[in-house]
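Below is one structure; the comments refer to it alone.
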2 protein chains.
Amino acid sequence: MNIGDVAERSGLPAKTIRYYEDIGLVRPGRDTNGYRRFCESDLHKLAFLGRARSLGFSIEDCRSLMALYEDRARTSFEVREIARDHLARIERKLEELQEMHKTLSHLVAECAGDDRPDCPILRDLASHGGACGGEP
Amino acid sequence: MNIGDVAERSGLPAKTIRYYEDIGLVRPGRDTNGYRRFCESDLHKLAFLGRARSLGFSIEDCRSLMALYEDRARTSFEVREIARDHLARIERKLEELQEMHKTLSHLVAECAGDDRPDCPILRDLASHGGACGGEP
DNA sequence: TCTTGACCTTCCAGTTGATGGAAGCCCTAT
DNA sequence: ATAGGGCTTCCATCAACTGGAAGGTCAAGA
């Protein structure tokens, strides 16, 4: 398979696949003309990577997960630790976004959104942390 | 005020303040020795930026919001549109993260996390044909 | 006066995970 | 022979900083 076929079958853009080779996540062979030649197991690896990335795992996590996947002596403990850490990061991010959402949705709801200059959103931005009250 | 004072009073790292000057968000004066000299209104701007960034607005949004803040002829409509767009982005991101969280927390719960190699997490990663997150 | 140490300056590089584009081979079909 | 795709490499760019090196400035203390 050439890179175009693998791109289509894995759902990853060719650019991304080249990048993954660059950083050592896959090692396709080469044809005499210099083209990358992928085998089924490369395709499988790329699908694995795509799935892991779609779950938000970092590239470094993906590297570790692939290594564990290919290591028959792995323990499910090791895998779960990576997933747990990632889950914790997701939870922190969720809380952060939920907090932003709460504040912003209140502000948007309070704002008239008309042709007048008065705006609770700008008031909020201007009033946090320090010097208030000059211009507009 | 020197940059250290402004950093302390605005809560932004000095590095970040220099960066904001670099990209034209603030324009502090200079002392004869080359040091940046900040006035109260610079500090106020930086606090505004810090607050906007903490609500997740992009730098370009911040630039627009600052411009509106300083424009007496602005309309609250313009401000609200920026905030609404940002809110929509936050909502999309939240949904995405919630989906990841759901999948991952199931997988983590199913995984024994012991010294055996069998692992539902790796099975999931390996079993999805395409790259994009979808159904099991 | 000299020195120490904190503070300031600029510039360069790296982070994450790709993505866009240019210049130029390779292959097949007409 | 030429046109068109597809493939190659390399370089630049995105966000929003952050770290560090090399060096100038300033106030205080011995």
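Lettering of chains follows the sequences in order, A, B, ..., and the numbering in each one begins at 1. Because only heavy atoms are used, hydrogens play no part in the values below, and waters and symmetry mates are left out as well, while side chains stay in.
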Using a heavy-atom distance cut-off of less than 4.0 Å, which residues of residues 56-69 of chain A contact DNA chain C? A/S58, A/I59
Any side-chain N or O of A/R30 below 4.0 angstrom from OP1/OP2 of D/dT9? yes
Using 30° and 60° as the class boundaries, would you call the ring planes of B/F48 and B/Y69 parallel, tilted or perpendicular? tilted
B/D118 and A/S76: side chain donor to acceptor below 3.5 Å: no
With sequence neighbours excluded, what pairs up with B/A52 under the side chain to side chain contact (heavy atoms under 4.5 Å, CB included) test? A/L125, B/F57, B/C62
A/E21 atom CD is separated from C/dG17 atom P, nearest whole Å, by 19 Å
Rounding to an integer number of Å, can you tell me how far B/I3 CD1 sits from D/dC17 C1'? 14 Å
So which heavy atom on B/L107 is nearest to which on B/P120, and how close? CD2-O, 3.9 Å
Does B/Y20 make a side-chain N or O approach to OP1 or OP2 of D/dC17 shorter than 4.0 Å? yes
Taking only side-chain nitrogens and oxygens of B/R36, does any of them come within less than 4.0 Å of OP1 or OP2 of C/dT9? yes
note: B/Y19, atom OH; C/dT15, atom P; distance rounded to Å ~ 17 Å
Test of understanding: with ring pair (Phe, Tyr, Trp, His ring centres under 6.0 Å), list the residues that count as partners of A/F38, not counting sequence neighbours. none
Euclidean distance, atom CG of residue B/L46 to atom P of D/dC17 [Å, nearest integer]: 12 Å
Side-chain N,O (A/R53) to OP1/OP2 (C/dA18) below 4.0 Å: yes
Salt bridge check, B/E21 against B/R18: does any charged N sit closer than 4.0 Å to a carboxylate O? no
Please report the distance, rounded to the nearest Å, between CD1 in A/I23 and P in C/dT16. 10 Å
Between C1' of D/dT25 and CG of B/N2, the distance in whole Å: 10 Å
CG of B/L49 versus P of D/dA15: gap in Å, rounded? 16 Å
Under 3.5 Å donor-acceptor pair, A/K15 side-chain atoms to C/dG17 base atoms: no
Taking CZ from B/R37 and P from C/dT9, how many angstroms apart are they, rounded to a whole number? 12 Å
Phosphate-side-chain proximity, A/N33 and C/dC27, N/O vs OP1/OP2 below 4.0 Å: yes
side-chain contact (heavy atoms from CB on, under 4.5 Å) evaluation trace for A/L46 with A/L25: CA-CA 9 Å; A/L46 287 166; A/L25 287 177; over 6 Å; no
